[in-house]
K.L.:
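The structure under discussion is supplied below as C-alpha cells; questions concerning it will follow.
Just so you know, these numbers use all the heavy atoms, side chains as well, and skip hydrogens, waters and symmetry mates. Within every chain, numbering begins at 1; the chains are lettered A, B, ... in the order of the sequence lines, protein sequences first and strands thereafter.
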Amino acid sequence: MANDKKFVEEITAMNVDFAKWYTDVVKKADLADYTSVKGCMIIRPLGYAIWENIQVELDRRFKETGHENVYLPLFIPEGLLNKEKEHVEGFAPEVAWVTHGGEEELTERLCVRPTSETLFCQHYANIIGSYRDLPKLYNQWANVVRWEKTTRPFLRTTEFLWQEGHTAHATYAEAQEETLRMLDVYADFCQDFLAIPVIKGQKTDKEKFAGAVATYTIESLMHDGQALQTGTTHNFGDNFAKAFNIRYLDQDNTHQYVFQTSWGVTTRLIGALIMVHGDDSGLVLPPKVAPTQLVIIPIASHKGGVLEKATDIYHQLNDLVRVKIDSSDKNPGWKFSEHEMRGVPLRLEIGPKDIEKGQVVLVRRDNREKIIVALSEIKTRVPEILEDIQKSLLAKALSHREAHTSIANSLEQIKESLDKNPGFVKTMWCNEKACEEKVKEEAKATSRCIPFEQENLDTKCAICGKPAKTMIVWGRAY
RNA sequence: CGGAGUGUGGCUCAGUUUGGUAGAGCGCUGCGUUCGGGACGCAGAGGCCCGGGGUUCAAAUCCCCGCACUCCGACCA
C-alpha cells in the first residue's frame, strides 16, 4: 500500500482547497460543531479533551513560575472599560453589550468581557497597598467574547476559551522580566508539547496590544504558508496603573505606580495543531497532547481469543500510555480511517495471525509506517515510538517552516516571495510605520514580529532604502 | 462591513426552469452473515421543504420581506 494513497474521501484535499480542508477536518474529526449563533461553536469531546490537556500542562508551568489562579466576572460596567483610552478604543468595535436585566433596562450598560485588564486593574487598586504586596502573579482561565465579523472554528470565534495572566510588579524591569519569562513558557510549551516551532519576537508599534508599552509574540507557520500568532505577552509599563490609580508605598514611604503585564493563549492553539500537523486523512496529533495516544483495533474479533488478547494488551499498556480499544462492530478498515481522522498517533492491530506469531502490528499516524513488534516488547516499544513521533512532528514542522522562509531586499521581492513560496519573509526594516503600511497595502502582508534572533541581512530598509534598524519578519496571517 | 453562494429526513443533495400525493444515497434501529484499509442481505423508523406575508382551486416550486450559515476580501487572539 503506497503511503500517499488517499484513504479518506470525505475530507477535501489540502492542495485543492485549504480552507475547506480545515473545516472538513474540524467536522470529520469531531472537534467542534456549528451552532445557531454565528461564531459560537460547540467544542466536542475530542476538541475539549485536547484543550484540557493544553490547560493541564500550561497550568502546571504557570504554577511552577509562581502564578495563582483566580476568577473574575464575565461583565464589565461601561464606565470601568472606558478608563484606559487606548485600550477601550482598541476593543470598542468588537464588544458585546448587555443592556437589559430581564425586562428592566440597565442604568449602565455591561460589556461582556473581551479581555479582563480593567477588572484586574480595579481589583489590584483595591488589594495592593505596600511593596510587600508585590508582585501579584495572577492567572485566570475563562471565556471571552469578541464580536468578530469573520469567524472560523478555533481560529477566530465570537466566544473563545483562553487563559489571561495579569501581573503587577514594583518596577518596570521586573515587569519586563515577567513578560519575557512568560513568552519563554509559551514558546517552550508550543515546541515541546504541541510540536509547533515558533519564532519569538516583539510586535511593532502598529501591531502591539491596545494600551501596552511593548507586545511580544510567538509566531508559527501553518501548512499553507499563512502565519498564526500562537501566543502573546504584553508589558503595560505603568499605563494602566496611572489610569486606575494602582499605587503602593515603597520602603521610603512614598507612593509608586505598579508596573503590569498580561499574557494569553487561546483555543486557537487547537487550530494551529490542525494546520501545522494535519494531512489529507485528517488530524495528526502529537502524542503529548493527544487524548488517545494508542488505539487497539482487534481484527476478526469474533474469532476465539482475539478480543481477550486485545483486552490483555490494553491492560498491559494502560499505565504507560493513554490507550483505547475499539471493539465496535465496524470493519477494521472503517476503524483505521476513523482513528486516523481523529489524529490518534499510533494504532495497534491484533488479529488471529498475530496471535499465532506472538506479535502485533503498529502503524504510525505521522508516516503510516508499519512496525511489527513481538508481544513481549510492546511495553518498551510503544512509548519509544510515541516519543519518536513527537520528535518527528516537530522536525517536520520546522523543516516546513525553513523551506517556507525567504529573505527579501525589496518590496518587489517581498511580494514575489509571498506569492511563489508562501510563508515568512525576513527583511531589514527602518522601524517606520509608513513602510509597514506599504507592505500591507502592496504585498497584503503584515509584520509578524521583530525576532529576538536577529540577522544582519543588509544595511538598508528593504522597503524605503533608508538605514535599517532591525530585521523583521513579514507574513500573511490568519 | 463589501462580494459570492446555500437553506428540503441526522448528513450530502435531487426535485424549483414548466405549481398538481416529498425523493435518492449515506447514516440510524432490529436480525443474520462478515472482519488485515471505509463489508453485505433482509426488515424498519424518520420531513411545518429556514421564517413571515402574498398570488392561486392548488406552492418546496411563482412574487415580496426577513433570518441564518458557508466561502472570498477589509478588521481582529
K.L.:
Grab the CZ-P distance between A/F154 and B/A77 for me, whole Å please.
P.N.:
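Between P of B/A77 and CZ of A/F154: 19 Å.
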
K.L.:
Tell which nucleotide pairs with B/G41, taking only Watson-Crick or G-U wobble pairs whose two distances are both under 3.5 angstrom.
P.N.:
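Base-paired to B/C31.
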
K.L.:
So, is A/K149 close to the B/G3 phosphate, meaning a side-chain N or O under 4.0 Å from OP1 or OP2?
P.N.:
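Result: no.
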
K.L.:
Just to be sure I understand the rule, does A/D17 reach a base, reach only the sugar-phosphate, or reach nothing, if contact means heavy atoms closer than 4.0 Å?
P.N.:
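The residue A/D17 makes no contact with any strand.
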
K.L.:
Would A/D312 and A/K309 pass as an ion pair if we require N to O under 4.0 Å?
P.N.:
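Salt bridge: yes.
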
K.L.:
In terms of side-chain geometry, is the basic nitrogen of A/D388 or A/R381 positioned less than 4.0 Å from the acidic oxygen of its partner?
P.N.:
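Judged by the 4.0 Å cut-off on N to carboxylate O distance, A/D388 and A/R381 do not form a salt bridge.
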
K.L.:
Can you tell me the distance, in whole Å, between the CE atom of A/M41 and the C1' atom of B/A77?
P.N.:
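In whole Å, B/A77 C1' and A/M41 CE are 12 Å from each other.
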
K.L.:
Let's see if you get this right: which residues in residues 288-300 of chain A place a heavy atom under 4.0 Å from RNA chain B?
P.N.:
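A/I299, A/A300, in order of number.
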
K.L.:
Hey, does A/T267 reach any base, or is it just sugar-phosphate, or nothing, if we go heavy atoms under 4.0 Å?
P.N.:
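Result for A/T267 = nothing.
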
K.L.:
According to the Watson-Crick and G-U wobble definitions, with both distances under 3.5 Å, which nucleotide is paired to B/U21?
P.N.:
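Pairing partner: none.
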
K.L.:
Do the charged groups of A/E340 and A/R365 touch, with an N to O distance under 4.0 Å?
P.N.:
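Not counted as a salt bridge, because no side-chain N and carboxylate O are separated by less than 4.0 Å.
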
K.L.:
With sugar-phosphate meaning primed atoms plus P, OP1 and OP2, does A/V361 contact a base, only sugar-phosphate, or nothing at under 4.0 Å between heavy atoms?
P.N.:
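If one applies the 4.0 Å heavy-atom cut-off, A/V361 turns out to touch a base.
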
K.L.:
Using the six-membered ring wherever Trp is involved, compare the ring planes of A/F120 and A/H166 and label them parallel, tilted or perpendicular (cut-offs 30° and 60°).
P.N.:
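Taking A/H166 first and then A/F120, their aromatic rings lie parallel (interplane angle under 30°).
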
K.L.:
Would you indicate what A/T266 reaches in the nucleic acid, counting non-hydrogen atoms under 4.0 angstrom: base, sugar-phosphate, or nothing?
P.N.:
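Since a base atom lies under 4.0 Å of A/T266, the category is base.
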
K.L.:
Which one is paired to B/G46, where only Watson-Crick or G-U wobble pairs with both distances under 3.5 angstrom count?
P.N.:
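Its partner: none found.
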
K.L.:
Using the side chain to side chain contact (heavy atoms under 4.5 Å, CB included) rule, take A/T167 and A/F259 through it: C-alpha gap first, then chi angles, then the decisive distance, then the call.
P.N.:
CA-CA 8 Å; A/T167 66; A/F259 294 85; over 6 Å; no

K.L.:
When all nucleic acid strands are considered with a 4.0 Å heavy-atom cut-off, which category describes A/R476: base, sugar-phosphate, or nothing?
P.N.:
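Contact class for A/R476: none.
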
K.L.:
What contact category does A/Q229 fall into here, base, sugar-phosphate, or nothing, at under 4.0 angstrom with non-hydrogen atoms?
P.N.:
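Sugar-phosphate, no base atom in range.
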
K.L.:
Counting any heavy atom closer than 4.0 Å, what does A/K203 reach on the DNA or RNA strands: base, sugar-phosphate only, or nothing?
P.N.:
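Answer is nothing: A/K203 stays at 4.0 Å or more from every strand.
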
K.L.:
B/U61 pairs with which nucleotide, Watson-Crick or G-U wobble, both distances below 3.5 Å?
P.N.:
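Paired with no nucleotide.
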
K.L.:
Can you list everything that forms a salt bridge (Lys or Arg N to Asp or Glu O under 4.0 Å) with A/E78? Sequence neighbours excluded, please.
P.N.:
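Checked A/E78 against salt bridge (Lys or Arg N to Asp or Glu O under 4.0 Å); matches are A/R109.
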
K.L.:
Using a cut-off of 4.0 Å on non-hydrogen atoms, how would the nucleic acid contact of A/K335 be classed: base, sugar-phosphate, or nothing?
P.N.:
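It contacts nothing in the nucleic acid.
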
K.L.:
Applying a 4.0 Å non-hydrogen cut-off, can you work out what A/E94 is touching in the nucleic acid: base, sugar-phosphate, or nothing?
P.N.:
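It contacts sugar-phosphate atoms only.
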
K.L.:
Indicate, with a heavy-atom threshold strictly under 4.0 Å, whether A/T215 touches base, sugar-phosphate, or nothing.
P.N.:
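Nothing, no nucleic acid heavy atom in range.
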
